[in-house]
Amino acid sequence: MRRYFHLLAVIAVLLTAAGCSQKKETLKVMSYNIRLGIADDGDNSWDFRKPATIEMLETLNPDIFGVQEAYNYQLSYITDNCPQYSCFGVGRDDGSDEGEHMSIFYDNTKFECLEWGNYWLSETPEVPSFGWDAACRRTATWALLKNKQTGSEFFFVNTHLDHIGVQARINGLALVVDKIADMNPNGNPMILTGDFNVEPDDICLVDLNTKMSSARATAEVSDTKPSFNGWGEASETIDYIYYSGFSCCKTFRVVDESFADKPYISDHYPVIAEIEF
């Protein structure tokens with residue numbers, strides 16, 4: 001009998017140790033306004049700073065990230081130099097190649113894209129269009145992805161709200177929130193990234209804050225640094241990672257260090273978060 005109880009005690013210890021050693025599944029998520037490649041930014045133009053983007057990605061190694069303002073050749077430069085990433089998205093001006101892309105990159109060694117799509121932030125979201133008082137066409141790109149190893153699935157949405165139109169931002173983000181609800185009736189984990197062009201206390205975020213959690217506001221370890229630097233001439237908090245259906249956000253930070261000897265890899269700093277299933 002004594003031997004029996006001893007064996008039970010040993011089994012209990014082993015099971016507890018095994019449970020403690022199990023790591024929960026996490027996602028390293030990033031949002032990165034890459035700054036449009038056609039802009040004449042002098043020493044900060046794309047051709048001068050593009051190696052810094054590659055060094056940043058190799059250093060941070062995000063699992064999945066959304067970019068804003070990207071042109072086709074900027075996307076190709078990333079996939080050519082970082083073949084572990086696949087990407088999808090469309091040009092906002094024609095729904096194909098023209099104009100800025102709000103593309104999603106994911107680590108193709110870890111994840112499989114099950115489906116993806118795109119829509120415009122406007123009254124006619126299925127076709128290239130301006131919405132409300134927007135100065136530019138604005139889009140959102142979405143995807144359903146699956147972890148090849150664990151089988152877990154999650155949605156990812158990436159967008160860029162207008163920099164001028166107040167109603168375009170309010171209505172555009174409301175459209176994104178509605179689309180998220182429509183695409184996800186089963187309540188799968190959801191991530192939303194983007195340059196929202198507003199500070200965290202802006203009215204357009206009120207409804208979103210009731211439905212999803214801001215990584216910056218809820219991370220166990222976070223910071224309060226601004227994300228828009230304007231090449232050192234500005235200081236604004238306008239880039240976001242939101243999530244729902246996950247257990248918690250472990251970390252959030254603004255990536256303000258230098259890469260490839262360039263003080264700024266863009267006029268925005270990337271923001272990155274570690275989110276736990």
Side-chain angles (χ1 to χ4, degrees), residues 19 22-32 60-68 85-89 102-119 121 125 139-161 172-196 198 200 204-223 227 239-253 270-277:
Q22 289 177 352
K23 291 184 177 179
K24 290 188 177 180
E25 183 182 348
T26 60
L27 276 177
K28 192 183 290 186
V29 179
M30 188 173 73
S31 183
Y32 176 32
L60 300 181
N61 194 30
D63 292 316
I64 187 166
F65 60 98
V67 296
Q68 302 88 38
Y85 290 115
S86 296
C87 85
F88 45 82
M102 268 42 73
S103 290
I104 296 172
F105 286 82
Y106 66 97
D107 187 334
N108 54 49
T109 67
K110 298 180 181 179
F111 304 100
E112 174 188 358
C113 179
L114 301 179
E115 55 181 311
W116 72 274
N118 183 88
Y119 54 88
L121 307 188
T139 63
T141 304
W142 65 270
L144 176 62
L145 296 111
K146 179 179 180 179
N147 187 309
K148 293 180 178 180
Q149 185 174 3
T150 67
S152 60
E153 297 179 4
F154 63 95
F155 282 97
F156 193 101
V157 182
N158 179 52
T159 193
H160 189 182
L161 302 184
L173 190 56
L175 177 65
V176 171
V177 170
D178 288 344
K179 291 278 191 181
I180 283 174
D182 291 343
M183 75 171 66
N184 191 19
N186 297 324
N188 282 339
M190 173 75 67
I191 297 166
L192 170 63
T193 60
D195 172 1
F196 292 173
V198 294
C204 87
L205 300 180
V206 171
D207 187 51
L208 177 61
N209 285 329
T210 68
K211 295 178 171 62
M212 302 184 76
S213 299
S214 162
R216 176 190 289 270
T218 61
E220 294 177 8
V221 179
S222 190
D223 69 35
S227 60
D239 298 276
Y240 295 87
I241 298 172
Y242 273 80
Y243 66 95
S244 63
F246 292 85
S247 63
C248 66
C249 180
K250 302 295 290 183
T251 63
F252 172 92
R253 75 182 184 95
V271 294
I272 192 165
E274 187 179 27
I275 302 174
E276 194 170 88
F277 279 86

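- Between R216 and D223, some side-chain heavy-atom pair lies under the 4.5 Å cut-off.
- For the pair T218 (side chain) and S213 (backbone), a donor-acceptor distance under 3.5 Å is absent.
- Taking a 6.0 Å sphere around NZ of K179, one finds it holds more than 12 heavy atoms contributed by other residues, nucleotides or ligands.
- Between the side chains of T193 and Q68, no donor N or O sits under 3.5 Å from an acceptor N or O.
- Distance alone, capped at 3.5 Å, places no donor-acceptor pair between the S244 side chain and the I191 backbone.
- Proximity of a side-chain donor or acceptor of D63 to a complementary backbone N or O of K28 within less than 3.5 Å is detected.
- At least one donor-acceptor pair under 3.5 Å links the side chain of T141 to the backbone N or O of M102.
- The closest donor-acceptor contact from the side chain of S247 to the backbone of E276 lies under 3.5 Å.
- Side-chain contact between L175 and Y119: present, with at least one pair of heavy atoms (C-beta onward) separated by less than 4.5 Å.
- Between the K148 side chain and the N108 main chain, a donor and an acceptor come within less than 3.5 Å of each other.
- F196 and Y240 have their aromatic ring centers within a separation under 6.0 angstrom.
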Residues Y242, V157; criterion side chain to side chain contact (heavy atoms under 4.5 Å, CB included); working and verdict: CA-CA 10 Å; Y242 273 80; V157 182; over 6 Å; no

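- Ring planes of F65 and F105: parallel class, angle under 30° (limits at 30 and 60°).
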